[in-house]
Structure formats: C-alpha cells, structure tokens
Amino acid sequence: MSWLPIALVAVPLLGALAAFVPAVRDSAVAWGIAVSAAVLVLAVALAAVFDYARPAEMQLQTDQPWIPGLGLRFHLGVDGVSLPLVVLTALLTFLCFVHLAGHPPAGGRTGGLVVTLLVLEVGMLGTFLALDLLLFFVFFEVVLVPMYFVIALWGGAGRRQAAVKFILYTLLGSAVLLIGLLVVWTQAGTLDMVALAGRHGSGIARSAQILAFLAIGLGLAVKTPMWPLHTWLPDAHTEAPTVGSVLLAGVLLKMGSYGFARIAIPVLPEGAAALAPWLGAFAVAGIAYGSLACLAQRDLKRMIAYSSVGHMGFVLLGFASLTPVGLNGALFANVAHGLITGLLFFLAGAVKERYGTADMVRLGGGMLRRLPYVGSLLTFACVASLGLPGLAGFWGELLALFGAFRPAAGLSRPLFLVFTAVGGLGTVLTAAYFLVMLSRVTHGRAVETVSPAGPLEPAGPSEPARPGATGAATGAVVTVGASAEPSQGRQRFRDATAHELAAWLPLVALIMLFGLWPKALLAVTTPAVQSLLGSGVAP
C-alpha cells in the first residue's frame, strides 16, 4: 500500500477541518497557502517516484476494503493518464491561494472560501486517483457543492442564478452517469476500474455497452462540457470569482474528459466504436459554435468561457477517433487547456479588477501602454490559446486533428475527414476571435470610458507615474488614453503585483515548456493510451 495517494486526499481534507480552529481562521489565506503547498509537494513527490519505464501500469496503489458487503474498495492509484492531471490540480490550487493572498474576496468570509477551496481540491484529486467506479463517482460529486458555494457566495451580480444553473445541470448529468456505471456493474460484476479496463469489454454484451456508453458519455459530456450541454458554463465563468473560474476551467472540465479516457473508452470499446461518429459530430459542432459565439461576445470572461467550449471540442474529437494519436492529442490538449485557460482567467480577473468592467468595448484599448505587464501576458496567453506553434496549445489540437484524419478501423473515414475539415476551420476562427479581442483591448489608442465599480486601485508608491483615472464614486470618468496627464486627486492603475506574477509566471513557463518539448508529456501518456485502447479498438 502506498501512502502518497492517501496523503494527497487526506491533507487538504484535514486542512479544511483545521481551518475551523479560531487561531487558524484568523490567518486563513496563509493556512490555505501552506496546505496547498504541502499537497503540491506531495504531487511532485508522486511524480518523482513514478516509474516512467512502466507508465501504462497502475502504480502506487492503495487497495483496502471500503464497503465489504457490496464488494466496494477504497482503491487509489496513478498511471500515465492520471499523473499529469494530479500535478496540474495541485499546482492550480496552490496558485489560486497565492493569488488570493493579494486579492481577498470582495464578499468577505475569507476563511469560508479557504475551506471551500480545500474541500474542492479533495474532490478533484480523488477523481483522478480513484480506481473504483463508485469511489470515482463519489469524488466526482464532492466537487459540486463547494463549487456551487464558490459561485453563489463570492461571485458577481448574477451569482445565484449561475450557481443554480451549474448545480442543476451537473446533478442531472451525474444521475445519468450513475445509471451507466450501474449497468457496467450489473454486467461485469465488478467496479474495479483496473480489472474492467484489462478486460476491454469482455463479458459485457454489445447492446449493454452501447447503453452504458451513452449514459456515461452524457454524464461526462455535461461536465466537459460538450455542445449543446454547455449552456451552464458561460454564466458560471462570468459570475465566478477569479479563483473559481481558474479551477472550473483548469480542472473541473478535465474531470469529464478524463472519464472518457479512464472509463468509457477502455471499459466499453464496442459502445465507443458504435457511438464515436456521434461523439465526433457533437465535438466539431462545439468547435464551430464556440468559435462563432466568441466572435459575438463583448464580455472578456464570457468570451474565454465560450473558447473553452471550442477547445474541449478538440479533446472530444481526439477521443472520438479511438486512435492512440487522437487520445494522446486529447490528453495533451487537456493539460494545455488547463494551463492556458487558467492563465487567461487570472488575467481577465486582473483586468476587471483594475477597470471595473470586463466589457471589451468599454475597456477602450491601449492596455499595452497602460498596463504593459498585464497586457503583454494577456497577449501571450491569447496566442498560446489560438494554437501558435512552439506553445502548448498547438500540439493537442494538431494531434486531435491527425487522429480524426485517420480514425480507427471500422469508423467512416469520409465522415471523419469532414470532422477534420470543420476542426481545421475552428482553428482559423479561434485565431480570429482572439486577434479581434487583442486589437480591441491591448492595442490602439485608449479612449475615455466609465468605471462602474467605484475607485480604481492606486499605483504602488515605488511605481513610476502613469496616466491616471479619477478615483471618484460610481460612474467616474476614467481617462485611459496614452496622452492623458496625471493630475492632482487622480489615482493611477497598478500593473502586475508580486502576488499576481507569482501565480501567473509558473503557468507561462509550463506553457512554453510543453510547447517546445511535447515529449515531456507524450512519453508518459503514449504507453498508457495504447494499453487503454487495447487490441480490440486501435487499428
């Protein structure tokens, strides 16, 4: 029995419980940073002791009786598919706490937010470590309640409606997912995910596989999210606080796509082969829809949310190809999207905090002159998200399209060539909406706009003088033009702070690392993907 997987789940849980102690509650953010840092150290230790010569094998397992009467076991472990997501989860959670240290929640109750984020981390890590179907479902559900409160208590003006929409959609998807898992249990007689994946569908009738894949796929598609089950996502992202948006995009969406790689495809290969064309069709519909919707958005956070629908469409297209190349692309795109979109939401939150709005028209342009560090990092994140070669976003989409170009045997190649063409068009549209956004926000000459959020943050005492804005009450005119001169009584915008750079720069480094050295990730996932597909599905 390995203690590392248990520690990864237990430490944030114990940290959340300890946060109720008054002495800890008084320094809640520092406590959150310490606990999440300990979890990150454990995740790095897990990656360090992982045997990279055997990434297809389940390693560092913990397998203990959980509910003996039902044959359920507390079974945790990690392989080449789950390891990158475990490390990504621990990293993004730690960076969110670092960000929180410089940006306390607007609604107060900082201690409550720290507890909620730590419980959320328990569910996220447990989902990627669980090797029992029911245990997977329990961890999969654990994340719903804390994320609901993150949106409902610390979100924007429409937070209650967005939170209710989030919980209703995801609970409905979870109910359908549970039905599919029970079909697998009744047919196979076990909930052990390692044993089920090793059988590659043996012992489960084809009709039952199709039914189970349909139910499990629908449940996972809501969380991914797949078009047209995505409508909860833009509202949730728009109203969530910055840390909630980062974890929602960076990790929670990955829980749905991870379920396809861990459960739906390896356990139900005949069901996957039968429904792969439908999965591919909905995937490319999401790519096209997400890209076109982005072109119509004015709100920066809402645009990034719709971009996630398109990017996760590439993940689903890779899965639909049922090839090692396509699945590798999907898993790579999963990690790349978590890094890039996490950075984008950090930056969108910084822009909204400074300008008092995320409306791209009202921002007025000229951000590169006004906030050179924030504007430069926003430009970097956008070109990474649109798939610029040399950055992480490029490889996942490219491999997913290659997988669709040559799908698995038994799938219609002409149909998948159409999917490939639509996906290729989606990459062009992605570049279009990000470039349009950059031209509106970061370039050009700034104009006068209105700050609905009251006084702007003053510049630090050591910062050089920059064109300023009136710090009056709601409705004050903010002069953001490059030619505006600071005058007495005006406040100045503050560029990136130390806390923000500490939260952002690790993501920048990893985006560049995986863009320039994709083998660092592909060498871990490729053997695991080949093992999960088995000889019955891969060509």
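Predicted model only: the values in this text are computed from it and were never measured.
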Any side-chain heavy-atom pair from [X] and [Y] closer than 4.5 angstrom?
X	Y	value
Leu295	Met303	no
Leu532	Leu327	no
Cys382	Leu344	yes
Thr224	Leu253	no
Leu92	Val251	yes
Ser376	Leu368	yes
Leu377	Leu501	yes
Leu172	Leu168	no

In Å, rounded to the nearest 0.5 Å, how long is the span from [atom1] of [X] to [atom2] of [Y]?
X	Y	atom1	atom2	answer
Thr379	Leu438	OG1	CG	5.0 Å
Leu399	Thr323	CG	OG1	9.5 Å
Leu133	Leu181	CG	CG	5.5 Å
Leu522	Thr526	CG	OG1	5.0 Å
Glu500	His99	CD	NE2	6.5 Å
Leu378	Leu300	CG	CG	6.5 Å

What's the shortest heavy-atom distance between [X] and [Y], and which atoms?
X	Y	result
Val81	Ala261	CG1-CB, 4.3 Å
Gly313	Ala283	O-CB, 3.4 Å
Phe97	Val29	O-CG1, 4.0 Å
Ala293	Tyr306	CB-CD2, 3.6 Å
Thr242	Gly349	OG1-CA, 3.4 Å
Ala276	Leu411	CB-CD2, 3.9 Å

Any donor and acceptor pair, going by atom type alone, linking the side chain of [X] with main-chain N or O of [Y] inside 3.5 Å?
X	Y	value
His237	Leu233	no
Trp232	Val222	yes
Thr93	Ala90	no
Thr341	Gly338	no
Ser439	Val436	yes
Ser385	Ala381	no
Lys254	Ala249	yes
Thr357	Asp359	yes
Arg159	Gly156	yes
Gln297	Arg302	no

TODO: For residues 419-436, pull every pair meeting salt bridge (charged side-chain N to carboxylate O under 4.0 Å, His left out), keeping only residues two or more places apart or in separate chains.
DONE: none

TODO: Decide side chain to side chain contact (heavy atoms under 4.5 Å, CB included) for Leu510 and Leu91; before the verdict, give the C-alpha distance in whole Å, the side-chain angles of both, and the deciding distance to 0.1 Å.
DONE: CA-CA 11 Å; Leu510 289 172; Leu91 174 65; 3.3 Å; yes

Open item on the list: Could you check whether Thr231 and Tyr169, counting side-chain N and O atoms only, form a donor-acceptor pair closer than 3.5 Å?
Closed with: yes

- [ ] Apply side chain to side chain contact (heavy atoms under 4.5 Å, CB included) to the pair Tyr289 and His230, showing each step before the final yes or no.
- [x] CA-CA 11 Å; Tyr289 173 83; His230 69 285; 3.1 Å; yes

TODO: Could you pull out all residues at least two apart from Thr430 that satisfy side chain to side chain contact (heavy atoms under 4.5 Å, CB included)?
DONE: Ser291, His311, Leu386, Tyr433, Phe434

- [ ] Indicate the ring-plane relationship of Phe332 and Phe514, choosing parallel, tilted or perpendicular according to the 30° and 60° boundaries.
- [x] perpendicular

TODO: Would you please classify the geometry between the Phe260 ring and the Phe319 ring as parallel, tilted or perpendicular, with 30° and 60° separating the classes?
DONE: parallel

- [ ] Check whether more than 12 heavy atoms from other residues, nucleotides or ligands sit under 6.0 Å from atom CZ of Phe149, and answer yes or no.
- [x] no

- [ ] Apply ring pair (Phe, Tyr, Trp, His ring centres under 6.0 Å) to His337 and Phe314, showing your working.
- [x] CA-CA 10 Å; His337 180 265; Phe314 283 101; over 10 Å; no

- [ ] Among Thr89, Leu129, Val119, find the one that has a side-chain contact (heavy atoms from CB on, under 4.5 Å) with Met124.
- [x] Thr89

Open item on the list: As a quick check of understanding, evaluate side chain to side chain contact (heavy atoms under 4.5 Å, CB included) for Trp154 and Thr116, giving each step before the final call.
Closed with: CA-CA 11 Å; Trp154 293 280; Thr116 305; 4.0 Å; yes

Under 3.5 Å, which donor-acceptor pairs link side chains of residues 412-424 to any protein atom two or more places apart or in another chain?
unit_1: Ser412; atom_1: OG; unit_2: Leu415; atom_2: N; d: 3.4
unit_1: Arg413; atom_1: NE; unit_2: Phe405; atom_2: O; d: 2.9
unit_1: Arg413; atom_1: NH2; unit_2: Phe405; atom_2: O; d: 3.3
unit_1: Thr420; atom_1: OG1; unit_2: Phe405; atom_2: N; d: 3.4
unit_1: Thr420; atom_1: OG1; unit_2: Phe416; atom_2: O; d: 2.8

Task: Worked verdict on Val351 versus Met367 for side chain to side chain contact (heavy atoms under 4.5 Å, CB included) - done: CA-CA 9 Å; Val351 170; Met367 188 183 295; 3.7 Å; yes

